[in-house]
Amino acid sequence: MSEATIERAPPRPHLRSDTLGLVIATIALAALGIALPALGASGYIRTLVYYSAFYLALGQAWNIMSGLTGYLSFAHGALSGIGAYGVVIAMNADWPMGASLAVAGGAAVLASLVIGATSLRLRGAAFTFATLFFQELMLLAVRKLPFAGGPGGLVLEQILPEWIAYVGMILLAGVATIGFALIRRSRLGIRVLAIKGDEDAAASIGIAATRLKLILFCVSALLAGLAGAVHALFTASLYPDVAFSVDLSLIALAVPLIGGVATASGPALGALLYVGLREALQLIAPSAHLTILGLLLLVVVLYMRDGIGPTLARLIRRSR
Amino acid sequence: MTAILEARRVAKRFGGVVAVRGVDLTVRQGELLGLFGPNGAGKTTMFNLIAGAFLPDAGQVLLHGRDITREPAWRRARLGIARSFQIVRPFRALTVLENLLAAIPAHGGANDAASALALLRRVGLEARARDAAGDLTLGMLKRLEVARALAVGPRLLLLDEPLAGLAGQEAADLLRTVQALKRRMAIVMVEHNVRLALPVCDRAVVMDAGAVLAEGTPEQIRRDPAVIRAYLGSEAA
Amino acid sequence: MSLALQLLVNGLVSGGLLGVAALGVALIFGVMRVVNFAHGEFITLGAYATWLLVSQLHLSPLVGLPVAFVLGALVGVVVQAVVLARVTGRPELDVLMVTYALSVLGLGLFAQGFGGDFRSYSQGPHGNLDVAGAIIGWRSLTVLLACVAMSGATVLVIQRTRLGLGLRALAQNRDSAATCGINVVAAERIAFALASGLAAAAGCLVSMIGTTTPNVGHDLVLDAFVVVILGGMGSISGALVGALALGLVQSVVSYALDDSWSRMVAYLLLYCIILLRPQGLFGRAAA
């Protein structure tokens with residue numbers, strides 16, 4: 001046969017060692033983040049680290065669903081908003097924090113089942129539209145719901161020490177990143193990427209696409225809900241227009257798309273890049289974050305479809 | 001020989017066009033069945049009705065006597081019907097090995113990788129296991145697709161124009177691979193290239209205008225006057 | 001009776017605006033197979049352009065109508081040529097991401113340029129018309145007439161002109177249209193410019209009867225998506241009928257409850273369509 005005539009591509013690094021390295025790096029970075037306050041980092045630095053972790057957790061949640069399946073979600077902001085309201089309502093009803101976080105995650109999963117069961121059996125943009133309108137519906141609905149405080153929002157009655165949300169968010173971001181890497185490597189991840197590649201071909205080898213998409217969406221929603229819940233502990237007050245802001249959905253998808261979609265490390269790069277750029281621009285153009293995100297997203301989708309991380313890696317490999 | 005697959009009076013129309021009009025088709029254990037016919041004969045539609053890519057308007061499809069007429073494609077694959085595509089459809093973003101891992105039914109453990117590698121060895125792609133499928137040549141992709149279909153562990157393998165786009169040596173290689181498989185499973189091959197494909201078949205069915213025109217051994221088919229008139233006359237001239 | 005008439009007129013006005021917005025979405029989808037999330041930003045563009053004309057140059061908002069149309073069409077041509085032409089043939093979801101990024105970019109630019117303030121003006125048609133006890137503002141009536149004129153003209157162009165024939169052929173089958181000698185690239189550019197111009201003109205009308213914010217187009221275009229999906233993606237007549245129907249329903253719901261309920265009704269409607277259309281949202285329909 002013809003292999004002999006075809007030049008062998010350079011062997012790829014073994015996947016298992018890749019994943020191990022990523023897990024170690026994630027744990028090390030998370031430990032460093034958690035240790036920062038003890039090392040005397042300023043409040044400003046802590047805030048930056050916190051927000052990077054928040055966006056990383058959200059981005060990784062989006063990456064697990066949309067990055068792996070190719071079905072774009074515009075609802076991750078709303079899912080995190082549901083988690084935020086869930087935890088505050090439960091804690092204000094004197095539930096313990098662990099149970100309240102479980103409520104938050106559960107509520108987000110429930111929402112994802114509702115969106116997913118209606119739209120994931122269809123291909124193409126149906127899911128995207130379902131998520132887009134879910135986001136808008138939630139914002140309108142929460143302003144109306146009396147137990148959610150209406151347009152005035154809710155305040156977390158209990159006063160928590162600052163480190164809880166800080167440590168919680170870093171841990172969540174780490175768990176989400178490692179979780180993504182493990183799923184990507186697993187049989188589930190391979191099969192879901194097959195769906196993303198070609199849904200008919202995936203069906204022809206026995207892959208139950210609708211079910212797998214729904215499973216990933218639930219996992220993704222759980223992480224997004226928990227991220228929103230921990231963030232609610234951080235801010236301690238909720239306004240519908242902030243908790244259900246379209247901006248959060250945008251950040252959730254921009255972070256992995258910019259950094260490197262469907263990779264474990266891409267969202268980390270995206271989150272750092274976004275927080276860094278936003279801070280840098282704060283001085284020059286305070287309200288430019290939307291413009292910047294839009295431009296970055298446009299450039300990445302047009303010119304580097306894999307995101308900045310994988311594109312840079314390819315350039316470095318080529319120049320060597 | 002027992003029937004592995006039976007299609008009974010299967011019919012399918014697209015809008016006003018009747019693609020398949022009440023066709024009976026039987027595939028027997030361990031045979032290589034060729035499905036031939038001129039363009040628009042309905043052979044590809046018939047193929048897709050068996051694979052579950054779309055559902056028939058009338059008739060029944062039975063696998064080992066079990067009615068699978070309404071089953072979606074993915075469930076048919078799990079019941080043991082695997083297929084290839086006319087234009088190759090690999091998962092380009094996955095590695096060659098992962099293409100097979102995606103198809104192997106869940107057992108868990110390292111056995112999956114071992115059996116995937118064994119399959120790759122059988123189609124001569126072991127050396128490319130860790131390359132992205134998108135980097136392979138067309139001939140390799142065709143073989144990858146056969147291996148991927150085999151990974152499902154099929155009792156019935158459906159090949160949709162496996163020779164399309166392949167040059168002489170590659171085509172011969174592929175046919176040899178197919179022939180080597182048939183003891184283990186039944187194979188249905190839709191093929192345009194009658195000259196190359198008919199000789200390797202155990203039995204052939206020729207369709208025309210949505211119906212079965214002739215059925216028999218390659219020798220019988222070659223001599224059938226109706227076939228010569230409808231098909232070979234124009235194509236093989 | 002007078003209440004019913006009042007609700008009817010309100011419904012026709014909002015349905016008319018929705019119709020012009022939906023027309024553009026349907027046209028772009030029909031011809032280019034692109035779901036244009038950035039359509040709303042063209043509406044916002046027209047609204048701010050008109051507001052600037054009125055507040056800075058002291059012109060009548062009616063002048064804004066042609067100005068917004070031309071401005072929208074020009075920006076549309078640039079966006080189509082520089083961005084969208086690059087992604088033709090890419091997977092559906094890639095294209096979706098591009099128009100979404102454009103929308104975000106637009107939202108960001110408007111928010112930066114104009115801030116979050118509510119902009120409105122009192123110039124232009126004013127006074128009321130009393131018809132059988134229903135109070136109908138001249139302003140609303142002007143908007144309604146302009147919407148009817150614009151959708152009518154667009155439908156005429158599509159149904160009766162050579163350009164329209166080309167666009168319809170393109171909507172049916174891109175490859176066949178190209179082999180028939182239709183300049184596909186130019187036709188797509190014209191369709192996009194026409195749709196963007198219409199959106200900006202609708203934005204001018206929106207600024208006349210409402211307030212202008214960076215989000216004004218975004219909100220209107222969400223309803224337009226519902227209407228376009230309801231009417232069969234890409235079908236222009238379907239979109240217009242759907243827009244009128246949704247406008248009337250929303251007018252009644254807004255009266256009985258309030259504005260946000262009427263928006264919720266529209267969005268819930270979308271979920272019903274998703275549930276009822278097993279073949280997906282993009283079942284094709286001719287223009």
Side-chain angles (χ1 to χ4, degrees), chain A residues 66 69-72 74 114-115 117-130 132-144 151 196-197 240 246-247 249-251 253-254 257-258 261 281 285-303 305, chain C residues 35 37-38 41 82-84 86-87 90-113 115-116 214-215 218-219 222-223 225-226 229 233 257-275 277-282:
Chain A
S66 302
T69 69
Y71 281 75
L72 298 179
F74 288 150
V114 173
I115 309 173
T118 53
S119 63
L120 277 175
R121 71 206 156 81
L122 304 180
R123 301 217 184 152
F127 174 71
T128 301
F129 274 107
L132 179 74
F133 283 95
F134 179 77
Q135 168 86 47
E136 304 286 335
L137 257 178
M138 281 310 299
L139 176 57
L140 293 170
V142 167
R143 290 199 194 121
K144 295 276 171 205
K196 183 185 188 179
V246 183
D247 288 11
S249 290
L250 169 64
I251 290 170
L253 68 88
L257 278 173
I258 291 171
V261 70
L281 286 167
S287 58
H289 72 283
L290 268 186
T291 318
I292 295 300
L293 265 188
L295 259 181
L296 267 179
L297 213 49
L298 196 59
V299 169
V300 165
V301 179
L302 284 180
Y303 299 105
R305 286 173 75 184
Chain C
V35 175
F37 281 120
E41 279 52 61
V82 174
V83 180
L84 286 174
R86 282 179 185 281
V87 288
R90 287 249 215 119
E92 182 187 359
L93 295 179
D94 271 25
V95 181
L96 217 67
M97 212 56 248
V98 166
T99 64
Y100 181 68
L102 281 171
S103 164
V104 171
L105 183 59
L107 278 174
L109 287 174
F110 289 127
Q112 249 177 292
N215 277 317
H218 176 82
D219 292 346
L222 285 174
D223 286 352
F225 277 133
V226 174
I229 292 168
M233 221 47 208
L257 296 160
D258 64 45
D259 261 2
S260 57
W261 279 108
S262 82
R263 287 178 61 198
M264 278 197 259
V265 166
Y267 303 163
L268 284 172
L269 191 64
L270 179 103
Y271 279 93
C272 298
I273 308 169
I274 290 178
L275 274 176
R277 296 193 65 158
Q279 75 276 36
L281 299 183
F282 297 159

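Order of the sequence lines sets the chain letters (A, B, ...), proteins ahead of strands, with each chain counted from 1.
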So which residue, [options], ends up with the most heavy-atom pairs under 4.5 Å with chain A?
options                                   : answer
Arg90(C), Met97(C), Arg263(C)             : Arg90(C)
Val226(C), Leu222(C), Leu96(C), Leu268(C) : Leu222(C)
Val87(C), Val98(C), Asp219(C)             : Val98(C)
Leu107(C), Val83(C), Asp94(C)             : Asp94(C)

Problem - Thr128(A) vs Tyr100(C) side-chain heavy atoms within contact, under 4.5 Å - result: no

Practice task
Decide yes or no for Ser260(C) and Lys144(A): does some side-chain heavy atom of the first lie under 4.5 Å from some side-chain heavy atom of the second?
Solution key: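 Heavy-atom side-chain distance check passes, below 4.5 Å.
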
Exercise for the section: Return the option, out of Ala254(A), Ser119(A), Ala130(A), Ala141(A), with the maximum number of heavy-atom pairs under 4.5 Å with chain C. Expected result: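 Answer, by heavy-atom pair count under 4.5 Å with chain C: Ala130(A).
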
Problem - Interface residue of largest heavy-atom contact number with chain C, from Leu302(A), Val246(A), Leu132(A), under 4.5 Å - result: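 Counting heavy-atom pairs under 4.5 Å, the top option is Leu302(A).
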
Need one label for [X]: side chain, backbone, both or neither, based on atoms under 4.5 Å from any heavy atom in chain C.
X         : result
Arg305(A) : side chain
Leu253(A) : side chain
Phe74(A)  : side chain

Handout entry: Region of Tyr271(C) in contact with chain A, defined by heavy-atom distances below 4.5 Å
Key = side chain

Problem - Structural part of Leu109(C) lying under 4.5 Å from a heavy atom of chain A - result: both

Exercise for the section: For the pair Phe129(A) and Phe225(C), name the ring-plane relationship: parallel under 30°, tilted 30 to 60°, perpendicular over 60°. Expected result: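 If you compare the ring of Phe129(A) with that of Phe225(C), the planes turn out perpendicular.
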
Donor-acceptor contacts under 3.5 Å from residues 291-300 of chain A side chains, at least two apart:
unit_1, atom_1, unit_2, atom_2, d
Thr291(A), OG1, Gly108(C), O, 3.4
Thr291(A), OG1, Gln112(C), OE1, 2.5

